[in-house]
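Have a look at the structure below before the remarks.
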Amino acid sequence: MSKKIKRVLAIETSCDDTSVSVVEADGRVLSLLSADQDLVHKPFGGIVPEIASRNHTMTLLPLLQKTLEQANLGWSDIDGIVVTARPGLIGSLLVGVITAKTLSLSFDKLLLGVNHLEGHLLAPFLKDDEYAPPENFGYPYVALAVSGGHTQFYLVKGVGQYEVIGRTLDDAAGEAFDKFAKLLGLGFPGGVQVDKLAQQGDASAYQFPRALIHEDTLNTSFSGLKTAAHNQLKKMAPEEIEERKADLCASYQQAIVDALMAKLKKAVKKHKMRRAILTGGVSANSGLRQAAQAWASKAGVELVVPPIRYCTVNAAMIGRAGVLRMNQGERSDQTLSPQARSLESDFISGRSR
Ligand code: KG4
């Protein structure tokens, strides 16, 4: 039998955040450091892939060093290296994968490439001095993974047992937030700005569409919402838009929250689940958190929304997924290469972008 892996160093560079973490086999996060590139991409109103990968090359090694120092550990304390190998921006993933392979060779450490989405699905089980999952929380559960690049519903039945039960047919919810923020000139990334303004606005001021909410499917669609918002703003004078910004944000956010909540409720009911999680950057949204928590307590569903540091892009969740898989005997070798998309075999059914 292979040796039990006690502790891994994890690297995440799938998009524009560089993140490194040291995670123990039981999910305890010993250190987690991340560097975003928001200021670098801000002038372009979105992520520029070439700039993202170039920044990872400059940030990753110093961050690795600091993460080990923060955990008060050296290379001899690390049993394996886990890296996000897919899905994501290929140039960004490449920086993480090549670094992980080099470290694995140089320090003679085990290596494993994992799927970024698997990290999100297992994030509730991370723990630190301020957060621990509810005591009896376990599989199976419904997961809504909602970020700038993904909006998917899963049935999580165990490690490696992820069934895709619904997905966006077009834009991700985070993308819908970011595009609306861009239309309003709120800056990048815009989700958090829309959220802030929405808290001061009237969510019933404008009517935006909630696509597919009455359909039997667990799929979502946000492209019509974006077009409706664009048309609404075209009808308004710049001064009126400025004056009604908070109402516009509140109404737009409510449309996204309603669309996601309709499918979350449907997913839990259809699959007869009593547990659910929210994960991904958009799960930081105050409207979504409140709506999900209110529904869960009324419906008697055990809902876990991990702290924001474990919901947004972070290497701790990658370490968690990797250490579990390594302890099941999984390994990558030096042929590990990044992939822009998930592999068919990463999920039980369907494909996950
Ligand atoms: O998971 P994440 O950090 O990165 C990936 O996309 O993988 O998610 C980022 C997304 C962005 O679209 C951002 O605007 C959105 O999450 N976001 C929010 C909030 N905070 C972050 N959207 C709505 N409300 C928020 N409070």
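Whatever order the structure lists ligands and atoms in, that order sets their numbers, starting from 1.
- One side chain, Tyr206 or Arg244, offers a donor N or O that lies under 3.5 Å from an acceptor on the other.
- Ring orientation note: the planes of Phe125 and Tyr141 are tilted relative to one another, at an angle of 30° to 60°.
- Taking hydrophobic clusters as Ile, Leu, Val, Met, Phe, Trp and Tyr residues chained together by side-chain heavy-atom distances below 4.5 Å, Trp75 shares a cluster with Val20.
- Proximity of Val282 to ligand 1, defined as any heavy-atom pair under 4.0 Å, is shared by backbone and side chain alike.
- Cluster note: Leu89 groups with Ile47, Phe188 through ILVMFWY side-chain heavy atoms spaced under 4.5 Å, whether in direct contact or through intervening members.
- Between Phe177 and ligand 1, a contact under 3.5 Å exists for no N or O pair.
- With a 4.0 Å heavy-atom cut-off, ligand 1 is reached by the side chain of Asp178 but not by its N, CA, C or O.
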Give the intermediate values and the outcome of salt bridge (Lys or Arg N to Asp or Glu O under 4.0 Å) for residues Asp79 and Lys3. CA-CA 10 Å; Asp79 295 329; Lys3 167 181 159 235; 3.3 Å; yes
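- With respect to Asp170 and Lys226, no salt bridge is recorded, no charged nitrogen being found less than 4.0 Å from a carboxylate O.
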Kindly determine whether Lys263 and Leu212 satisfy side-chain contact (heavy atoms from CB on, under 4.5 Å), including the steps that lead there. CA-CA 9 Å; Lys263 299 303 169 181; Leu212 305 176; 4.2 Å; yes
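- In terms of polar-atom proximity, defined here as any N/O pair under 3.5 Å, Asp195 does make such a contact with ligand 1.
- Taking 4.0 Å as the cut-off, Gly149 counts as a neighbour of ligand 1 on heavy-atom distance.
- Between His116 and ligand 1, no pair of N/O atoms sits closer than 3.5 Å.
- For ligand 1, the polar-atom distance check against Gly174 finds a nitrogen or oxygen pair separated by under 3.5 Å.
- Those atoms of ligand 1 that come under 4.0 Å of a heavy atom in Ala284, given as number and element, are 20 (N), 26 (N).
- Residue Thr312 approaches ligand 1 through these ligand atoms, each under 4.0 Å from one of its heavy atoms: 3 (O).
- Inspection of the Glu12 and Ser14 side chains reveals an N or O donor paired with an N or O acceptor under 3.5 Å.
- Near Gly148, meaning under 4.0 Å from any of its heavy atoms, are these atoms of ligand 1: 5 (C), 6 (O), 8 (O), 9 (C), 10 (C), 12 (O).
- Ile11 is connected to Val97 through a chain of hydrophobic side-chain contacts under 4.5 Å among Ile, Leu, Val, Met, Phe, Trp and Tyr, so both are in one cluster.
- At the top of the distance list for atom 4 (O) of ligand 1, counting protein heavy atoms only, stands Val313 CG2, 3.3 Å.
- In summary, the atoms of ligand 1 found under 4.0 Å from a heavy atom of Gly191, numbered by their order in the structure, are 14 (O), 18 (C), 19 (C), 22 (N), 23 (C), 24 (N), 25 (C).
- Atom 24 (N) of ligand 1 has as its closest protein heavy atom Asn285 ND2, 2.9 Å.
- Within the set Gly287, Pro87, Gly281, the minimum heavy-atom distance to atom 8 (O) of ligand 1 is found for Gly281.
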Can Leu64 and Leu61 be said to form a side-chain contact (heavy atoms from CB on, under 4.5 Å), step by step? CA-CA 5 Å; Leu64 265 160; Leu61 289 181; 3.7 Å; yes
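- Close N/O approach between Pro189 and ligand 1 is not found [any backbone or side-chain N/O within under 3.5 Å].
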